[in-house]
Amino acid sequence: MPRTVEIDHIRNIGIMAHIDAGKTTTTERILFYTGVLHKMGEVHEGTAYTDYMEQERERGITITSAAVTCHWHEYTINIIDTPGHVDFTAEVQRSLRVLDGAIALFCAVAGVEPQSETVWHQANQYHVPRIAFVNKMDRIGANFWRVLEMMRNRLGARPVAVQIPIGAEDRFQGAVDLLEMKAVVFDGPDSEKYKVIELEQVEGGMRQEAEAKRQVLIEAVAEYDDALLEHYLAGEHIPADMLRKAVRSATLHLKLTPVLCGSAFKNKGVQQLLDGVVDYLPSPLDAGFVHGHDVKNPERDDTRPPKDEAPFAALAFKVITDSFVGRLTFIRIYSGHLRVGEQVLNVGNDKKERVGKILRMSANKREELAEAFAGDIVAIPALRFTRTGDTLCDARQPILLENIHFAEPVINQSIEARTLADQDKLTESLHRLSEEDPTFRFHTDAETGQTIISGVGELHLEILADRLKREFGVPVKVGKPQVAYRETVSSTARAQGEFTRSNAGKNQFGQVTLEVGPNESGKGVEFSNELAPDALPEPYVQSVEKGAIEALKVGPVAGYPMIDVRVVLVNAVYHEEDATETAYAVSASIAARDAARHAAPILMEPVFKVEVVTPEEYVGEVIADLSTRMGRVEGIQTRDILQVVTAMVPLSQLFGYVTQLRSLTQGRGSYTMQFERYEPAVQRR
């Protein structure tokens, strides 16, 4: 079956922003204007199409990224509406990994907020071209130009306005298209219609301001387009098509970010935003070759072109449990095509998977396809071995695509089923949730026998406990949140480990000397070998590494995993006739534990960057309260009539902070927090 939409007419995009900037509302309007919906849902009414989970509808927030397909003119747009809450950053991260472009949404009042920064830097990491949409232009305090300034200062971005607003707050009427030099004015009872008029017809006149801003746009783009620069230096008029092409090229090369404006809730600017997606964001063809590694030689790079006739290669970026079809794996196809009934290779675990169905998902609705092509984002049910980040490809020409790396959990809670009969069901359900969510872990505490769940925030674990009850039918009791501490060493020490055993006439011997010392922050546990190449065969060196790293998963201070530790193999005794891999792994484990005990081990705790937004009269009380929580205030900024206090605070001191902040500020203060780093734990009385 031939493809129905050419690959250069496909746009795979995400909508990313801080919580409450209007991502889901914008998605609803896009789906309405592209004909997917006949009635717009509202987040505050719990009727949003992409917020289909019960928890999302109740809380008015997005928890899981929802994929939906729509059509604008002759283009197909695959949209992923991502969460804005910091506890669900992993959803944004895995979406950005497989998207070609993104819409960065900013509130015209609040501007660039903490989670906006996080997702922006994640998009930088994956080299995702973006356009920006300044939303809520009709709100009191809306300021389009301040948002652009904040993008420059806080994101290091190079925003260029391709539209400028006509009015603001309750006088926001429309926008001027700086490429066509026409005004778009919104009309109708709900502003769902618009008309294009000359600038002279705009009340108050916009010609002079628009020409000045168009000049700024041309100068910014001319740096990256020689043909346009020649026209500009010759004093010639720059046609709209030439300028559009130059803006697109600069956007695709991550040189500039085109900025549009509107108010999604009031239906203003959404059609123009769709035009911007088509005009400035890349198709899979523009995104180019996907890079990976040769399976037989991981050091050697390999690539695949975005062509249907190329060998099949796809990345599994999300696993969910669907109540109708069971386990669903979302994949992004980078090259080749996939038919129902075909077998594909999961490269990571060298397992074959059969494709029984191919589904195009629209939030929680499904459409069956016979075939999928390069550039498509589809879901496949019942893949047995595939996990988030796995590569699926043609078994005859395998390639290993880059995996997705996620944040480590920082909060623990004990959990148990309310009845003994549900205990096995709880374990099975936790397994399924951990397959869906790479930032969720669980284990059984060897000393207490309790099941411990780990996540990235209080809300994260609260939602998961709620899902256990509603989706999996397992009512649970959860303990109070506990901090996931870590341990490290503050000095260097050496220790020798030896393992000797005789069993059934067979001797086993291994002896190693390891040096354990501090490593750079964020590096984790790293192993290096300083022995001469012939001192110890490579299989035994690998056993030493495995044994040492396994031993440091339990620290000497309080049994927490160790981080930022460097382990060096400095000496080994090798008897060829008695050497076994087990003996060297055990001797390394003994040496690593002993060295860690003598290397001044310390307890480390997660520290969060907290931003508190409060009216000026409560700043003193907020700072005093943060100080009692061992917080370090790093700055105070003014945002209109509000003050923004930034501080570094240990996670252990932030439980229940939302209630205290509301009390201090009479309900007018709010805060956001995001994990910053681990620091030595401070002893508190």
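Atoms considered below: every heavy atom in the structure, side chains included; atoms not considered: hydrogens, waters and symmetry mates. One-based numbering along the sequence shown.
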Salt bridge present between R214 and E211 (N-O < 4.0 angstrom)
no
Between E676 and R632 (salt bridge meaning N to carboxylate O under 4.0 Å), is one present in this structure?
no
Quick one: does D286's side chain have a donor or acceptor within less than 3.5 Å of a partner on S283's backbone?
yes
Heavy-atom distance under 4.5 Å between the side chains of L229 and D225, does that happen here?
no
Enter the distance from L155:CG to N124:CG here, rounded to the nearest 0.5 Å.
8.5 Å
Minimum-distance pair of heavy atoms, taken over all atoms of K23 and A17:
CD-N, 3.3 Å
Tightest non-hydrogen contact, residues V109 and A142, listed as CG2-N, 3.8 Å
Using 4.0 Å as the upper bound for N to carboxylate O, is an ion pair formed by K182 and E198?
yes
Closer than 3.5 angstrom, by distance alone: can the side chain of R304 be matched with the main-chain N or O of A313 as a donor-acceptor pair?
no
Hey, could you give me the CG/CD distance between L260 and Q163, rounded to the nearest 0.5 Å?
4.0 Å
Hey, does E209 have a side-chain heavy atom less than 4.5 Å from the side chain of I164?
yes
Got a donor-acceptor contact below 3.5 angstrom from the R11 side chain to the L281 backbone?
yes
Ring geometry between F373 and H337 (parallel below 30°, tilted from 30 to 60°, perpendicular above 60°):
tilted
Scanning both residues in full, the closest heavy-atom pair of L626 with A647 reads CD1-CB, 3.9 Å
Any donor-acceptor pair under 3.5 Å linking the side chain of N135 with the backbone of A264?
yes
So for atom NE2, which belongs to H121, do other residues, nucleotides or ligands contribute more than 12 heavy atoms lying within a distance under 6.0 Å?
yes
Counting only heavy atoms not in E223, do more than 12 fall under 6.0 Å of its CD?
yes
More than 12 non-hydrogen atoms from neighbouring residues, nucleotides or ligands closer than 6.0 Å to CD on E74, yes or no?
yes
I need the minimum non-hydrogen distance between R130 and T257, along with the two atoms involved.
O-CG2, 3.5 Å
With distance as the sole test, does H9 use its side chain to make a donor-acceptor pair with the main-chain N or O of V5 at under 3.5 Å?
no
Shortest non-hydrogen pair, C107 vs A21, comes out as N-CB, 4.3 Å
Side chain proximity check, V649 to F608, heavy atoms < 4.5 angstrom
no
Side chain to side chain contact (heavy atoms under 4.5 Å, CB included) between Q637 and Q643, worked out
CA-CA 6 Å; Q637 291 180 310; Q643 299 292 312; over 6 Å; no
Which label fits W120 and F106: parallel for a plane angle under 30°, tilted from 30 to 60°, or perpendicular past 60°?
tilted
Can you tell me how far OH of Y232 sits from CD1 of I218, rounded to the nearest 0.5 angstrom?
7.5 Å
Starting from the C-alpha separation in whole Å, work towards a yes-or-no answer on side chain to side chain contact (heavy atoms under 4.5 Å, CB included) for I131 and F133.
CA-CA 7 Å; I131 62 175; F133 184 65; over 6 Å; no
Quick check: are there more than 12 heavy atoms from other residues, nucleotides or ligands sitting under 6.0 Å from CZ of R154?
yes
Any sub-3.5 Å donor-acceptor pair from K268's side-chain atoms to F172's backbone N or O?
yes
Atom of S263, atom of D138 and distance for their closest heavy-atom approach
OG-OD1, 2.9 Å
Main-chain N/O of E402 paired with R97 side-chain donor or acceptor, under 3.5 Å
yes
Side-chain donor or acceptor of Q173 paired with backbone N/O of I166 under 3.5 Å
no
R3 and D308 ion-paired at < 4.0 Å:
yes
Is there a side-chain contact between L315 and Y334, using heavy atoms and a 4.5 Å cut-off?
yes
Applying salt bridge (charged side-chain N to carboxylate O under 4.0 Å, His left out) as the test, list every pair that has at least one member in residues 252-264; sequence neighbours left out.
none
What distance do H231 atom NE2 and M242 atom CE have between them, rounded to the nearest 0.5 Å?
4.0 Å
Step by step, work out the side chain to side chain contact (heavy atoms under 4.5 Å, CB included) result for W72 and I30.
CA-CA 9 Å; W72 184 244; I30 287 173; over 6 Å; no
T303 side chain to H291 side chain, donor-acceptor N/O pair below 3.5 angstrom
no
Give the C-alpha distance, both sets of side-chain angles, the deciding distance and a yes or no for side chain to side chain contact (heavy atoms under 4.5 Å, CB included) between N267 and R29.
CA-CA 7 Å; N267 311 312; R29 300 313 187 257; 2.8 Å; yes
Would you compute the distance between atom CG of D376 and atom CD1 of I333 and round it to the nearest 0.5 angstrom?
5.5 Å
Answer yes or no: is there a side-chain heavy-atom contact under 4.5 Å between I103 and I79?
no
Side chain proximity check, H71 to T34, heavy atoms < 4.5 angstrom
no
Identified side chain to side chain contact (heavy atoms under 4.5 Å, CB included) partner of P129 from the options D100, L254, I13, L256:
L254
Could you tell me whether R244 and E180 make a salt bridge, using a distance below 4.0 angstrom between a side-chain N and a carboxylate O?
yes
Over 12 non-hydrogen atoms of neighbours within 6.0 angstrom of CD1 in I140
no
Decide yes or no for M181 and R207: does some side-chain heavy atom of the first lie under 4.5 Å from some side-chain heavy atom of the second?
yes
For the CD atom of Q125 and the CG atom of L96, what is their distance to the nearest 0.5 Å?
9.0 Å
Quick one: are Y75 and L274 in side-chain contact, heavy atoms under 4.5 Å?
no
